[in-house]
Amino acid sequence: MTNRVGRKIYRTNAGNRKRRVQKIFKVILAMIVLAALVFVGYCVAKPVYEYITDRDTSEAEETKPWTPPVAANKSDSDGAGSDTDSEDTSSDDGEAGSENKNVRFSAFTLPVSALANSDTLASALNSAKEGGYTAVIVTLKDKGGKIYYQTDSEMAHSDENAIVGEMYPVQIRDIIKSAGLIPIAKINLLEDNNRYGENRDGSYHFAGDTSTWLDNNAAHGGKPWLSPFDTNTQSYAAYLSNEISSSGYEYIIFDGVSFPPFRNSDLNIIGDIVKSADRYKALVNISNIAASAAEQSGASVMTMFPAAGILDGTAEGFKPAELNTKTLVISYIQGDLAKTAVIGGEEIALSELSAYDKAETVLGEIKRLAGEDITIVPAVRQADYSQADFSDTISALMSLGFDSYIIL
């Protein structure tokens, strides 16, 4: 019987090489896939990480105390608050006070309670300095007619309730200067309800009569108001302005340049002087009288108007071309603004704008209305805002090119 031997199969080196190539290819492919996963993961993770870290940073910044951006001051290199610095600031162009176009300060308005005595004033000044402000505003005659300094005015002394301050204006000025801050005085010209003299001098009177007009029935607390048409009022404004400027105040702000909120019946009682379309000229006139009196001692003067009143037309004294004062303080109070306003001929929904856009829109329009020859100093009330909105509002002021501002 013949034995059959099975057919032998031989493995060649070529087959082994093929398997080795396949293994190497798989390893390379795995490395490529791994590298791609790492790359994609990094691309996704990096922006996520940056978003988280940026968010953490922004949230941390919102909790930091807000410090006002101080505009550049010509006298910073010489030291703040010296007599020489202040004089240079108010007369840099060699022009009269109201012509000065180089007003540069960040000012904080002190409460009238700060003028109670030298200690309360010094304490308030320390707070202003810690806040980073370069100037303070002291209200020497407030809305309602109270006078927060010792004045020599006979008209002021004729009302026993008018003078409530104990310090003299030069004393107040010296304390502010010694603290290294710029003293700015504010006087309310017409929103004055005091009863001056036996005949209530300076008030509105009934047409063809000597009776004093009151803004309500006397039994319901009706009050008189100073009238810009009255020569006693004009003399009073001039006296106080000159008295304060001669006490060394480089800047004086005139506030309250307005009429009372007359009703139609009031207009008929007082007569034609308050019915005339030209009645605004009395406001311009008293502002100019006060400015001229202040400038005799070299003070730079500013007249204050509300932003809301300018936009809605109720700020009748806002006549930049007719005012001698070339620097205007604009009180920008958010709550007083209407929901909409006509800006550049177009109705804008102010209530829908961000804090930044609203300030930029409103004050930008007022800047345009005032004209190139007028310097605008915006005044804002910090209590009206959240910290973030307040910072945005100040940023808007800076973007509009205002180099001074006031915190009310």
With a 4.5 Å limit on heavy-atom distance, are the side chains of Leu240 and Ser153 in contact?
->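 Yes - at least one pair of side-chain heavy atoms lies under 4.5 Å apart.
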Got Pro183 and Glu250 here, is their nearest side-chain heavy-atom distance under 4.5 Å?
->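 With C-beta onward as the side chain, the pair touches.
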Within the 3.5 Å criterion, strictly below it, is a donor on [X] or [Y] matched to an acceptor on the partner's side chain?
| X | Y | result |
| --- | --- | --- |
| Ser203 | Thr212 | no |
| Thr393 | Tyr332 | no |
| Lys275 | Asn268 | yes |

Would one find more than 12 heavy atoms of other residues, nucleotides or ligands at under 6.0 Å from atom [atom1] of [X]?
| X | atom1 | result |
| --- | --- | --- |
| Asn216 | CG | yes |
| Phe206 | CZ | yes |
| Glu154 | CD | no |

Please work out which of the three classes, parallel, tilted or perpendicular, describes the rings of Phe318 and Phe305, given edges at 30° and 60°.
->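 Plane angle over 60°, so perpendicular.
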Where does the angle between the aromatic ring planes of Trp213 and Tyr204 fall among parallel (under 30°), tilted (30 to 60°) and perpendicular (over 60°)?
-> perpendicular
Between the main-chain N or O of Ala294 and the side-chain N or O of Ser297, is there a donor-acceptor pair closer than 3.5 Å?
->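 Checked: no pair found.
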Can you tell me how far CE of Met302 sits from CD1 of Ile137, rounded to the nearest 0.5 angstrom?
->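 One gets 7.0 Å once the value is rounded to the nearest 0.5 Å.
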Do you know which of Thr375, Ile376, Ile366 makes side-chain contact (heavy atoms from CB on, under 4.5 Å) with Leu328?
->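 Considering Thr375, Ile376, Ile366, a side-chain contact (heavy atoms from CB on, under 4.5 Å) with Leu328 is found only for Ile376.
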Give me the one residue out of Ile253, Ile330, Val136 that meets side-chain contact (heavy atoms from CB on, under 4.5 Å) with Ile406.
-> Ile253
If you measure from the Lys or Arg side-chain nitrogens to the Asp or Glu carboxylate oxygens, is any gap between Asp174 and Lys177 under 4.0 Å?
-> no
